[in-house]
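Step one of this worksheet: look at the structure below.
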Amino acid sequence: MNSIKQIFDLAGPKEKRGFNFHDFIVIAALILIIWIIGSLGRDMTVHFSKDDFPEISLNYWNIPYYAARSTLRMFIAYGASFFFTLIIGYTAVHSQRARTLILPILDVLQSVPVLGFLSVTVTGFMALFPGSALGIEMASLFAIFTGQVWNMTFGFYHSLVTVPSDMKEAGSVFKLNAWQKFKTYELPSSAISLVWNSMMSFGGGWFFVVQSEAITVLNQQIKLPGLGSYMALAIEKENRTAAVLATLTMVLIVIITDQLIWRPVVAWSQKFRMEQVESTQVMKSWFLEFLKKSEFIRNFFAKMNAAILHFFDTFFAFVLTKAEAKITKRPIRKKALDIFASVFFVFCLALIVYYSVVVVREIKTGLNLDQIQQIFGYGLLTMGRVFFMVVAATLIWTPIGVWIGFRPRVATFAQPLAQIAASFPVNMTFPFVVGFFVSYNVSMNWGSILLIALGTQWYILFNVIAGASSIPTDLKESAAIFNLKGFQLWKKLIIPAIFPYWVTGACTAAGGAWNASIVAELATWGDKKLVADGLGSFIARATDKGDWPAIFCSIGIMSIFVIVINKLLWRNLYGLAEKKFRLD
Amino acid sequence: MRTIAKLENVSKTYKLADDQQLEVLSQINLDVQEGEFIALLGQSGCGKSTILRIMSGLIKPTSGTAYQYDEKLQGINETISIVFQSFALYPWLTVYENVRIGLIKRQLSSSQEEQEITEAIRLIGLGGHENAYPKELSGGMRQRVGFARALVAKPEILAMDEPFSALDVLTAQNLRAEVIDLWKNKEGTFKSAFMVTHNISEAVSMASKIMILSSHPGRIVHVIENKMPYPRNEKSPAFLALVDEIHGLITTLNLPDTPKEHPISKAIFENAESKAFENIPYVQISRILGFLEVLKDDNGRTKIFELAAKMKEEFGSVISIAKAVEILNFIETPGQDVVLTELGRKFIEAESTNQKLIFRKQLVLMKLFRLIIDKLTTLKTLAEDDLKVEINNRFPYENADKMVDTIVDWGRYGEIFEFNADLKVFTQFEDSV
């Protein structure tokens with residue numbers, strides 16, 4: 001058994017070999033990585049106060065260091081998201097009481113524009129760690145974390161719910177304990193979804209890194225050393241070379257993490273497919289192949305895996321026997337647990353109510369009805385932009401995506417490219433686009449739609465590609481035999497077949513667009529400032545000024561917009577896709 | 001002899017949507033004693049697998065008690081191992097690792113573990129495949145892994161849920177013989193067996209005791225001791241006679257001559273009003289047509305299990321088809337025979353438009369379709385849910401969802417009504433051509 005052994009066991013059949021060239025490279029790389037992480041980590045806790053914080057320097061030779069700091073942030077936040085996902089997803093599946101609390105909260109948090117909260121959380125975290133950069137560091141990590149975690153948790157929850165019942169029954173009949181069930185089938189059967197969602201979330205995270213490193217809170221400029229703040233400074237100083245270099249570095253990092261981390265992991269996770277037959281289409285990664293050739297790496301993973309497993313096996317054997325003994329001896333314990341859960345539930349509820357009251361009072365004293373109406377009007381404007389973007393991107397990318405999807409060779413090449421494009425933090429392209437808008441006199445009210453689209457349209461593209469390439473050959477053949485062409489072919493075959501994929505893509509794009517609007521409706525280059533009327537720019541300006549009533553009210557209204565549209569539009573479209581257009 | 005597991009007055013009711021309930025098992029009493037090989041025989045959907053799961057502690061009964069030895073069962077019954085119809089192997093684990101799952105609860109030292117796993121793998125004929133993944137194996141080999149995993153747990157009772165039904169005929173035959181050999185001749189494998197199956201000759205060839213389960217709700221209606229010596233010869237007269245006897249029992253259970261419904265079920269389960277309503281079995285039109293085609297080729301009269309053999313269908317489902325065709329008055333079923341009626345012959349020989357007309361006439365005679373037609377003439381539309389409520393009131397032991405599916409299938413073919421699957425409503429049939 002030991003599927004965690006599987007999880008860490010990269011090796012195929014074992015063969016004895018001596019120390020080889022691959023081993024040398026791998027070991028050297030490992031030492032280098034450990035050294036880098038060590039020195040970067042030390043820098044995260046440096047002294048930091050209002051009047052004295054580390055200056056960002058535009059020296060080009062600093063770029064690798066800043067890039068490393070940003071990347072480290074990504075990984076720490078991702079690690080937190082990963083453990084949060086495992087713990088919360090697991091709890092939601094196994095405890096009825098927790099589920100009734102967790103699922104609605106996740107649902108709301110998923111819809112809330114994270115960026116809007118940045119200033120709130122920064123203030124909070126700074127108070128927690130006075131005099132240290134750690135506070136701001138934590139706020140940045142928290143922003144990245146909240147951008148990644150919700151869809152990972154939902155994905156994990158859903159794959160745990162859909163574990164085939166015979167696997168669960170076999171686990172119960174053979175009396176596996178909770179930990180053994182988890183490592184034998186719960187984690188492995190969710191591995192593919194977990195890996196996929198991780199890759200998507202990680203890709204989306206770059207946007208938040210760039211944004212959260214350089215922020216203005218209460219008229220105070222705060223810059224954490226990183227690629228995002230380097231970019232921000234380059235914009236401030238109108239240093240075009242520095243901006244271009246930062247952008248190129250970002251592209252490079254996105255490609256490197258994709259090639260060296262996510263592709264190998266995705267390729268490796270294919271072993272957890274549910275099918276009982278060997279699949280013909282195999283995901284490949286050159287880097288995984290390379291690693292497999294290293295004897296050292298194989299031993300390393302095997303040893304690490306054995307150690308981790310041994311630790312958890314012993315740990316849970318101890319904990320679970322204790323817990324079992326207590327539960328059977330004293331059933332009151334279980335009751336105590338229930339009471340504790342209820343108290344916690346009430347506590348959370350009270351907290352929510354209390355803060356709602358505080359926020360409402362704050363809004364009431366700071367804003368009058370006209371202002372609230374105006375903010376609502378801004379919401380409508382931004383909503384218009386989001387919809388316009390979705391429609392335009394659909395019209396442009398659907399034919400292209402279908403063309404690509406019908407050609408498997410092009411698709412295997414183009415789909416990863418679209419994913420990488422979606423990972424690239426679009427806020428890094430703004431300076432160039434803004435220059436373009438200025439010189440061609442493009443109104444920001446329309447231009448911001450393009451900025452929003454730059455980051456989010458890719459979700460539509462690669463989902464359409466996926467949908468088009470999944471159309472079964474027999475359906476295409478029968479369409480050819482009955483001579484379906486042009487409009488008829490689209491109406492009868494293509495649109496119904498890609499519809500479910502399009503819904504997924506469009507919903508993700510629209511969700512991302514709301515967050516992007518906070519950045520995209522207000523762009524600067526040196527002293528030049530382009531502002532569009534909309535909820536996004538309103539939030540951005542309110543945050544800069546530290547106008548709390550306006551911040552609360554505008555974020556609240558944006559959340560309501562997103563939640564209502566989710567419930568009214570996307571949920572129904574998902575239902576329609578599920579019911580009518582399933583290809584099985 | 002010692003009783004290893006026992007069910008006492010066990011019933012199981014499932015809650016459906018809209019506060020409806022479906023009783024799948026009613027008053028089940030059975031025990032598994034040391035040295036017994038019990039086969040539980042019944043049609044699909046009659047609750048056989050639920051009995052197995054209640055016995056092993058995976059499902060809790062709604063009422064009644066399950067026992068492990070003479071103690072009330074708490075949680076999982078540790079003396080039972082299950083072999084699953086779908087194998088239930090973990091695709092990311094090798095054969096060796098999958099088998100090891102069965103061993104975990106015994107908490108052995110690792111050297112002992114290795115010894116026992118190797119032994120079980122050898123015993124079940126998987127030697128050399130230790131490091132293979134399930135997807136690399138054929139169905140038969142996969143089920144061997146299932147058996148090895150179950151045996152390595154050293155169960156008192158080997159419980160099997162349709163263990164051979166996903167395998168091809170020859171593989172199944174072979175594996176059956178090996179299982180019997182393990183049970184009879186190998187010490188320390190398992191003492192008793194409890195197998196759920198719909199295959200009559202499988203039950204006769206393996207079991208020492210055969211229990212026949214009725215459907216809707218499931219209850220044990222016959223218990224047959226099978227004292228034939230092992231290994232059993234499927235061609236021997238005694239074997240064939242027992243198979244015939246069971247065929248007969250199942251036929252009379254499902255297609256009684258008089259009265260129309262089984263006496264027990266008529267008396268207990270159905271109130272006065274529902275008697276008038278035909279209990280429509282879940283059978284699709286295409287299967288009705290196929291059944292009548294085969295029957296016509298047999299000159300319109302044959303034994304029902306011969307028909308099943310000709311159709312290459314399992315006996316239970318052919319019984320269901322016969323039930324449906326009998327409700328339509330296309331056949332009669334005296335004893336174990338099936339006889340094509342005059343109407344049936346006319347129907348099957350007609351060309352397709354006339355077939356529809358004849359079918360339609362028969363549907364209109366049926367109370368349930370009459371009810372739908374009446375509602376449609378007065379109200380124009382009828383919601384699926386309303387119909388389900390009607391059905392549930394009349395047939396509390398039937399699955400209303402499935403019955404509505406059948407009604408839709410028949411009604412569409414007979415052009416009695418139209419059904420919109422999106423809106424879930426019935427509307428009057430309109431001749432659009």
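The structure presented is a predicted model; accordingly, all values stated were derived computationally and were not measured. The sequence lines fix the lettering, A, B, ..., with proteins before strands; numbering per chain opens at 1. Atom set for the values below is all heavy atoms of this structure, side chains included, hydrogens, waters and symmetry mates excluded.
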| request: Look at atom CZ of Phe300(A) and say whether more than 12 heavy atoms of other residues, nucleotides or ligands are closer to it than 6.0 Å. | output: no
| message | In the structure I gave you, are the side-chain heavy atoms of Ser189(A) and Tyr90(B) within less than 4.5 Å of one another anywhere? | response | no
| task | Not counting sequence neighbours, which residues clear side chain to side chain contact (heavy atoms under 4.5 Å, CB included) with Phe315(A)? List them please. | result | Val319(A)
| field | Top of Gly57(B), Gly75(B), Ser56(B), Ser81(B) for chain A proximity - count of heavy-atom pairs under 4.5 angstrom | value | Ser81(B)
| task | Name the region of Asp422(B), side chain, backbone, both or neither, that has any atom closer than 4.5 Å to a heavy atom of chain A. | result | both
| note | Rounding to 0.5 Å, atoms CD1 (Ile101(B)) and NZ (Lys175(A)) come to a distance of 15.5 Å
| task | Against chain A, label Gln85(B) side chain, backbone, both or neither, depending on which of its atoms sit under 4.5 Å from a heavy atom there. | result | neither
| Does atom CD of Glu36(B) have more than 12 heavy-atom neighbours from other groups under 6.0 Å away? | yes
| message | Which atoms of Arg53(B) are under 4.5 Å from chain A, going by heavy atoms: the side chain, the backbone, both sets, or neither? | response | side chain
| query | If contact means a heavy atom pair closer than 4.5 Å, which residues of residues 161-171 of chain B contact chain A? | reply | none
| task | Identify the two heavy atoms, one from Lys135(B) and one from Lys271(A), that lie closest to each other, and give their separation to 0.1 Å. | result | NZ-O, 4.5 Å
| Atom of Leu58(B), atom of Ser172(A) and distance for their closest heavy-atom approach | CD2-CB, 3.5 Å
| Does Thr184(A) offer a backbone N or O that forms a donor-acceptor pair with the side chain of Trp92(B) under 3.5 Å? | yes
| said: Check this for me: Glu130(B), atom CD, are more than 12 non-hydrogen atoms of other residues, nucleotides or ligands nearer than 6.0 Å? | reply: yes
| message | Looking at Phe83(A), I want to see if its CZ is surrounded by more than 12 non-hydrogen atoms of other residues, nucleotides or ligands under 6.0 Å. | response | no
| said: Would you say that Ile80(B) contacts Val173(A) through its side chain, given a criterion of any heavy-atom pair below 4.5 Å between the two side chains? | reply: no
| message | I'd like to check Met167(A) versus Pro91(B) (side-chain heavy atoms, cut-off strictly below 4.5 Å). Are they in contact? | response | yes
| Distance (rounded to the nearest 0.5 Å) between Phe174(A) CZ and Ile82(B) CD1 | 7.5 Å
| Validation row: Asn177(A), Ile104(B) side chains within 4.5 angstrom (heavy atoms) | no
